[in-house]
K.L.:
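Got a structure here, written out as structure tokens. Questions coming.
Fair warning: this is a prediction, and the values are worked out from it, not measured in the lab. In the text below, chain A, chain B and the rest are named by the order of the sequence lines, each starting its count at 1.
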Amino acid sequence: MVSTILVVDDEVNICKLYERELEDAGYKVVLANDGRKAVELVKNNGIDLVVLDIRMDKQDGIETLRQLVKQKRDLPVILNSAYSSYRMDFNTWWADAYLIKSSNLEELKGKIQELLT
Amino acid sequence: MLRLRFGHLGFKAKCLLAIFAVFILCSSASAFALHAYRQRKLRVSHASSTITTSHPDVTLAASSSFRLLDLGFILAGGLIPAIGIALLVLDKSVASRLRNIVQVTDEVRFGVLDRKIEVSGRDEISRLVQSLNRAFADLRSGQEKVLGKINALRQYNDLFIREKHGNDGVIVVDREGNVTNASGKSLALLGYTRKELLGRPLSDFLAPESKNRDMGEFFDLPRPSYNRRKEELVFVDKAGTLVPTKVTITNLFRQGDSAGALFVFADLRNRDELVEDLKSIQNRLRQSSIELGMKLWELSAVKEVVHTLQTTMSLDEVLRIILTGVTAEQGLGFNRAFLLLLDEKDNSLRGKLAVGPGDPQEAAQIWNGLRDQSYSLKELLKMHRDALGQLDPKVNEIVKRMRFDLAPNPGIIARSMLEGENFNITNAGQNPLVDHEFLEMLGTDAFVVVPLIARGKPLGAVIADNCFTRRPIEEADVDLLETLANHASFAIERAHLYGQLMKKVRELEQAYQNLQESQDQLLRAERLSAVGKMATRLAHEIRNPIVSFGGFVRLMSKRLPKEDPNQEYLNIITEEVTRLEKLLTQVLDFARPAGPSFELVDLNEVVQQVMVMMQPEVDEGKVAVHVELQPDLPQIRLDPLQIGQAMMNMIRNGLEAMPSGGDLCVRTYRREDHVQVEIEDTGVGIPQENLEELFSEFFTTKSAGVGLGLAVAYQTVRNHRGAVHVSSRVGKGSTFTIDLPLTMEDGINQSLEQG
């Protein structure tokens, strides 16, 4: 069965890149450009994993993470940010992984695979 | 011009003049009256004889009868009023004045001597009055003199009778040689009462050899210049003791005749003692005048030293000046001097500086040299003050070895300072208070020690000796040394204070410099920080485009066939992007990780916040949560986020241990100097074998999670110098306790510095 991955990022190009790469890797990809939309999407089941950006204009990733955890405690979430400093915020520790954005998506794909198995 | 001055005429002349004038006037008037009468009579007779003519014979007849009878009438008419008026004038101008004179004279006679008769005019009576007034004045001054003499005599007599304490006795004898009076002192000397003495011949009281002398010779002195002579007579007192005396005999006269003699005699028995006393007084006087001279000279030396002390603030120079003053021949003239200062940390007196020669040869050399140069004390003090670094080697070697404990058994040197006393030690070898080791060091058994005390605060002591000249240390030397030490103490204190002040000034200068440097650094840092913040932001902003740029290039490269000639260019782009990303990672991700951020917080508030955050998880299960917070918990310095995270991990652990419900209790309380958070669940419990590994990384019994939660919590609490305790019973539940010390501030700071 094909896993569905929700990619949350307000950068359209990043979303597009992740979509292509993850689809190439055999996943079904759903996109959200802000945190609220992501929470909406998770409500209608079918999301197996979330890749969540932190810095977003409408509702940042940390608040989104809190809401997602409240909704579904077992939903794996990977925080994916251009900033390393959020790693020190214990609110980010609710997430299953914290990865810094890179043009090389091999690490991200590896983590997704690890969490889904 | 001719002026008549009657005032110059005597009384008699005035009277005669007045009488003569009245006589002339009255007799002229009588003559005129008589003449007028005759004329009328003639006219009457002519008329009756009808023949009457102016015949010369008739007139002649009439004239001849006038001469005899009428002369008497005229004289009487002039004399009678003249005498009357003269009598009147006499009574008026003489008698009344004479009565006044009699009255005043009577008053004077009765003793009112300060009277004076008024003088009017310059006649004989006035002259009489003047001489009477002079007589009265003489009388008055005579009376005063007499009264004065009487008073003096009375006083003298009183003295004469009463005086017993003077040195001389006085006896008065009459012409026959009998005693008529005797002074109190003479009675005391001879042991008789006045009654026993009076009336008896003086010879009764003289020893045989004096008795046999002719008493008459005492009274037959020619007067007035040679009426005094000196003799040595021996009296016998009432007890029969011979009393040798030296007598001054003065002859007394009454109205030119010898009236007796006055014997003034001094007891010679005490003469030798008196002479001795006098001599010793003279000696002492001479001695003290010499001493006074010396003192003045020496004090001027002290003054010179004190004056020089005021020219410096350096402690080294002050000490050197003091010791030079003590040892200079022109100063206090000691052979050697050692100065010791109080070491408060060590609670001891330590030798600081010494001045003086090392051995007799050196002493002779130095002193002779100085004497030849004939420096003044001022020059010497200045020389020594400026000669820093040139120390007398031997004495300074000695002084460096001097160290005296103030407790528990202070020796003589320490006691001098502690008690503020001078000690002039002569037989030091026999003195139990003097340390023998010290004596050996000093090399003499006579020395003086004076304390250095300023404003009641002990500073040290000065030891001085004369170990080469062996001159004894006199009390005067000690006094002088003490005077110098008093002044020196203030100079030392001043130098100390000045030193401290200068140190503080230097510290302030250093602090100011540091402050300026810090300020510069701060400014630089601020500038750098502003630049850095901008760079960081820029770097982050760049990362997103680079990720999509690089990502799509990689995607393109993957999607193009391997042999496509463009692959080479895509690879180049990918490599460059990777290089850029590495650079960003270096700049951004290897930045110093943010350490714990400590702040003073209320642990109860942290627990409440954590419970709010945990609410979703709590709501999910069937666990009843109880929170019991102890009010008025002291504030504690911690990182609320980290400690909150630790609590969350433990609460989550507790919730997960009760999948089918239970009770979770979170409590806070203070225990002595700790505050604690206790998280108790009624879950499955942890088997004993797992308890030990509980906090190790990646240990988990759960299917989900990365097994870091408790390990992280444990590490966090450890970083706060706290501890985590767990107690658990399988099937009953577990209790986790976070224990944070209240006094961990220092520890935290240390661990931060070390970190």
K.L.:
Check this for me: Lys72(A), atom NZ, are more than 12 non-hydrogen atoms of other residues, nucleotides or ligands nearer than 6.0 Å?
P.N.:
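Atom NZ in Lys72(A) is crowded, with more than 12 foreign heavy atoms closer than 6.0 Å.
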
K.L.:
Please flag which part of Gln67(A) lies under 4.5 Å from any non-hydrogen atom of chain B: side chain, backbone, both or neither.
P.N.:
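Gln67(A) has no heavy atom closer than 4.5 Å to chain B.
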
K.L.:
Salt-bridge test for Asp619(B) and Lys70(A): reply yes if a basic N is under 4.0 Å from a carboxylate O, no otherwise.
P.N.:
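Salt bridge: no.
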
K.L.:
Nearest 0.5 Å please: distance from the CD atom of Glu541(B) over to the CZ atom of Arg55(A).
P.N.:
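It comes to 8.0 Å.
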
K.L.:
Side chain from CB out, backbone as N, CA, C, O: work out which of these in Asp53(A) comes under 4.5 Å of a heavy atom of chain B, or both, or neither.
P.N.:
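Neither part.
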
K.L.:
Mark yes when over 12 heavy atoms from residues, nucleotides or ligands other than Glu106(A) sit less than 6.0 Å from its CD; otherwise mark no.
P.N.:
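Check passes, neighbour count above 12.
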
K.L.:
At a heavy-atom separation under 4.5 Å, does Leu555(B) approach chain A through its side chain, its backbone, both, or neither?
P.N.:
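Interface part for Leu555(B): both.
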
K.L.:
Tell me if the CZ atom of Arg20(A) is crowded by more than 12 foreign heavy atoms within 6.0 Å.
P.N.:
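Atom CZ in Arg20(A) is crowded, with more than 12 foreign heavy atoms closer than 6.0 Å.
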
K.L.:
Looking at Lys109(A), I want to see if its NZ is surrounded by more than 12 non-hydrogen atoms of other residues, nucleotides or ligands under 6.0 Å.
P.N.:
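It does: Lys109(A) NZ has more than 12 such atoms within range.
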
K.L.:
When you compare the side chains of Glu581(B) and Ser103(A), does any donor N or O come within less than 3.5 Å of an acceptor on the partner?
P.N.:
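Note: Glu581(B) and Ser103(A) side chains meet the donor-acceptor criterion.
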
K.L.:
Return the minimal non-hydrogen interatomic distance between Lys101(A) and Arg543(B), and the atom names on each side.
P.N.:
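Looks like O-NE, 4.0 Å.
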
K.L.:
Around Gln113(A), counting heavy atoms of other residues, nucleotides and ligands shown, do more than 12 lie under 6.0 Å from its CD?
P.N.:
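For Gln113(A), atom CD is not crowded (no more than 12 foreign heavy atoms under 6.0 Å).
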
K.L.:
Roughly how far, to the nearest 0.5 Å, is CZ of Phe552(B) from CD1 of Ile14(A)?
P.N.:
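It is 8.0 Å, given to the nearest 0.5 Å.
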
K.L.:
Taking side chain as C-beta onward, heavy atoms only, is Arg554(B) less than 4.5 Å from Leu105(A)?
P.N.:
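Answer no - side chains too far apart.
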
K.L.:
Determine whether more than 12 heavy atoms belonging to other residues, nucleotides or ligands lie under 6.0 Å from atom CZ of Phe549(B).
P.N.:
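Result for CZ/Phe549(B): open.
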
K.L.:
How close do Val547(B) and Leu17(A) get, counting heavy atoms only, and between which atoms?
P.N.:
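Closest pair (atom of Val547(B), atom of Leu17(A), distance): O-CD2, 3.5 Å.
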
K.L.:
Return the CG to CG distance between Asp9(A) and Asn544(B), rounded to the nearest 0.5 Å.
P.N.:
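If I round to the nearest 0.5 Å, the distance is 6.5 Å.
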
